[in-house]
Amino acid sequence: MTTSEPRLTLITRPGCHLCDVAKEAVDRVVAVTGDRWTERDVTGDLELEREYGDRLPVVLLDGREHGYWRVEEERLLRDLTAPRD
């Protein structure tokens with residue numbers, strides 16, 4: 001098994017209620033798939049703040065935006081388990 005980077009990134013900020021809900025949703029998804037995920041805080045990162053600040057939380061799958069505000073758990077689960085090209 002390789003120690004590759006997690007396929008999922010959750011972009012958040014402290015004190016964000018929807019971010020807390022999204023973390024729980026991502027935890028439920030990865031409990032099924034066995035994937036790992038990482039969190040990036042927009043605080044102090046001007047580029048992230050400009051890109052995502054008004055849509056937090058944002059889910060990135062393989063570096064691409066998968067969704068924002070709410071985690072679509074079934075869709076995310078499907079996309080994580082789909083064969084990759």
Side-chain angles (χ1 to χ4, degrees):
M1 183 173 198
T2 63
T3 57
S4 60
E5 288 294 311
R7 294 183 64 198
L8 287 172
T9 302
L10 187 61
I11 301 175
T12 65
R13 80 164 38 101
C16 166
H17 171 70
L18 287 179
C19 298
D20 293 338
V21 171
K23 291 176 199 178
E24 293 170 4
V26 169
D27 277 340
R28 284 191 293 272
V29 170
V30 300
V32 173
T33 66
D35 285 278
R36 295 178 304 126
W37 66 278
T38 188
E39 181 177 358
R40 297 219 26 220
D41 179 353
V42 299
T43 305
D45 189 322
L46 194 54
E47 186 177 327
L48 280 179
E49 180 69 47
R50 283 182 181 151
E51 180 73 21
Y52 302 112
D54 60 342
R55 296 181 284 143
L56 296 175
V58 175
V59 176
L60 303 181
L61 173 59
D62 296 326
R64 293 189 176 147
E65 189 172 315
H66 188 270
Y68 58 93
W69 291 333
R70 301 239 182 246
V71 176
E72 297 175 64
E73 291 182 55
E74 293 207 10
R75 180 173 154 248
L76 183 56
L77 183 59
R78 184 179 65 242
D79 292 346
L80 275 169
T81 57
R84 289 197 266 179
D85 296 328

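Throughout, residue positions are numbered sequentially from 1 according to the sequence presented.
By the rule that hydrophobic residues join a cluster once side-chain heavy atoms approach within less than 4.5 Å of another member, Leu76 and Leu10 end up as members of one cluster. No chain of hydrophobic side-chain contacts below 4.5 Å, direct or via other Ile, Leu, Val, Met, Phe, Trp or Tyr residues, connects Leu60 to Val29. In the hydrophobic clustering of this structure, Val26 groups with Leu61; members are Ile, Leu, Val, Met, Phe, Trp, Tyr whose side-chain heavy atoms approach within less than 4.5 Å, directly or through other members. Hydrophobic clustering (side-chain heavy atoms under 4.5 Å, transitive across Ile, Leu, Val, Met, Phe, Trp, Tyr) groups Leu48 together with Trp69.
Here the CZ atom belonging to Arg50 is positioned 10.5 Å from the CG atom belonging to Asp45, to the nearest 0.5 angstrom. A distance of 11.5 Å separates CG in Asp79 from CZ in Arg64, rounded to the nearest 0.5 Å. Atom CG of residue Leu8 and atom CD of residue Glu39 lie 12.5 Å apart, to the nearest 0.5 angstrom.
Each of Val32, Val30, Asp35 was scored for a side chain to side chain contact (heavy atoms under 4.5 Å, CB included) with Leu77, with one residue passing: Val32. Here the options are Leu18, Ile11, Val58, Asp54, the test is side chain to side chain contact (heavy atoms under 4.5 Å, CB included), and the partner is Tyr68; only Val58 passes.
No side-chain donor-acceptor contact under 3.5 Å links Arg40 to the backbone of Thr9. Within the 3.5 Å criterion, the main-chain N or O of Val71 finds no donor-acceptor partner in the side chain of Arg75.
Smallest separation of non-hydrogen atoms from Asp41 and Arg13: OD1-CA, 3.7 Å.
Atom CZ of Arg70 sits in a sparse spot, with 12 or fewer heavy atoms from other residues, nucleotides or ligands closer than 6.0 Å.
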